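Everything numeric here is computed off the predicted structure, so don't read it as measured data. We name chains A, B, ... by the order of the sequence lines, and we start the count at 1 in each one.
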Amino acid sequence: QSALTQPRSVSGSPGQSVTISCTGTSSDVGGFNYVSWYQQHPGKAPKLMIYDVSKRPSGVPDRFSGSKSGNTASLTISGLQAEDEADYYCCSYARIYTVVFGGGTKVTVL
Amino acid sequence: QVQLQQWGAGLLKPSETLSLTCAVYGGSFSDYYWSWIRQPPGKGLEWIGEIDHSGSTNYNPSLKSRVTISVDTSKNQFSLKLSSVTAADTAVYYCGRRGVGATFYMDVWGKGTTVTVSS
């Protein structure tokens with residue numbers, strides 16, 4: 001059970017869009033529509049932003065969207081805002097009732 | 001509104017057993033799986049395992065030999081024990097809630113407990 005692969009960092013100016021990729025295998029990301037994304041600000045607990053690949057929990061701005069193609073899932077933040085600067089983690093179901101996280105991506109708002 | 005409050009020893013010596021507890025306030029206890037996740041300093045999240053109200057557990061294969069998760073339904077609490085700790089187990093430990101059935105995401109998290117392993 002290896003960690004999912006995410007870029008270490010992405011950046012964008014306010015108002016721009018950024019996309020974070022999350023690459024796994026057919027045993028996790030590619031095999032199931034159970035990818036979730038979490039936002040984590042420094043010193044805080046993670047917050048659920050996207051679940052089941054593309055669904056948003058109540059209260060999460062629609063600037064956040066998720067998608068998946070093959071073994072790679074993506075999180076897109078449109079209309080980037082200063083408060084979006086944080087670490088983002090993907091997570092996927094990985095068979096036999098286990099889940100695996102990605103290594104995390106730091107989003108910087110320039 | 002569901003809240004998770006967690007506590008436990010924050011400083012351990014190598015070879016000791018880590019012990020943490022998470023209490024669930026508000027909402028149903030029996031309709032969810034209750035999880036533990038950890039985050040080493042400056043690193044990513046790692047899923048440790050989970051338990052439901054009946055005591056059914058699922059563990060990360062890489063930690064399974066050292067992990068025990070238990071539940072006390074009379075107190076709406078669940079606990080984590082990790083044996084034979086080393087410096088590599090130094091991390092912030094979070095408890096979290098996952099829905100039963102085909103839901104594999106944590107929608108409620110505790111604030112985290114910092115555990116340091118040092119001689």
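Residues A:Val109 and A:Ile20 share a single hydrophobic cluster, defined by chaining ILVMFWY side chains whose heavy atoms lie under 4.5 Å apart. Residues A:Val107 and A:Val35 share a single hydrophobic cluster, defined by chaining ILVMFWY side chains whose heavy atoms lie under 4.5 Å apart. Linking ILVMFWY residues whenever their side-chain heavy atoms come closer than 4.5 Å, directly or via other members, leaves B:Leu18 and B:Ile37 in distinct clusters. With hydrophobic clusters built from ILVMFWY side chains whose heavy atoms lie under 4.5 angstrom apart, B:Val85 does not share a cluster with B:Trp7. Connection of B:Ile51 to B:Trp109 is not established within any shared hydrophobic cluster, with ILVMFWY side chains joined at heavy-atom distances below 4.5 Å, either directly or through further cluster members.
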Show the atom names and distances, to 0.1 Å, of all donor-acceptor pairs under 3.5 Å that link a side chain in residues 27-34 of chain B to residues at least two apart or in another chain.
unit_1	atom_1	unit_2	atom_2	d
B:Ser28	OG	B:Ser30	N	3.3
B:Ser28	OG	B:Asp31	N	3.2
B:Ser28	OG	B:Asp31	OD2	3.2
B:Tyr32	OH	B:Arg97	NH1	3.4
B:Trp34	NE1	B:Phe29	O	3.0

Sequence neighbours left out, cut at 3.5 Å: what donor-acceptor pairs do the side chains of residues 10-17 of chain A make with other protein atoms?
unit_1	atom_1	unit_2	atom_2	d
A:Gln16	OE1	A:Ser13	N	2.9

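With a 6.0 Å radius and a threshold of 12 heavy atoms from other residues, nucleotides or ligands, A:Leu110 has its CG atom above the threshold.
To the nearest 0.5 Å, atoms CZ (B:Phe104) and CG (A:Asp52) are separated by 9.5 Å. Between the CD atom of B:Gln39 and the CG atom of A:Asp87 there is a distance of 7.5 Å, given to the nearest 0.5 Å. Rounding to the nearest 0.5 Å places CE of B:Met106 at 4.5 Å from SG of A:Cys91. Between the CG atom in B:Asn60 and the CZ atom in A:Phe101 there is a gap of 10.5 Å [rounded to 0.5 Å].
With a 4.5 angstrom heavy-atom cutoff, A:Tyr89 touches chain B only via side-chain atoms. Proximity to chain B (any heavy atom under 4.5 Å) is restricted, for A:Tyr38, to the side chain, taken from C-beta onward.
For residues 39-46 of chain A, heavy-atom neighbours of chain B at less than 4.5 Å comprise A:Gln40, A:Lys44, A:Ala45, A:Pro46, sorted by residue number. Of residues 63-81 of chain A, not one residue has a non-hydrogen atom less than 4.5 Å from any non-hydrogen atom of chain B.
Taking the ring centroids of B:Tyr105 and A:Trp37, they lie at or beyond the 6.0 Å cut-off.
Annotation: maximal heavy-atom pairing with chain A below 4.5 Å, among B:Val108, B:Thr103, B:Asp107, B:Asn58, occurs at B:Asn58.
In terms of heavy-atom proximity, B:Tyr59 sits nearest to A:Thr98 at O-CG2, 3.6 Å.
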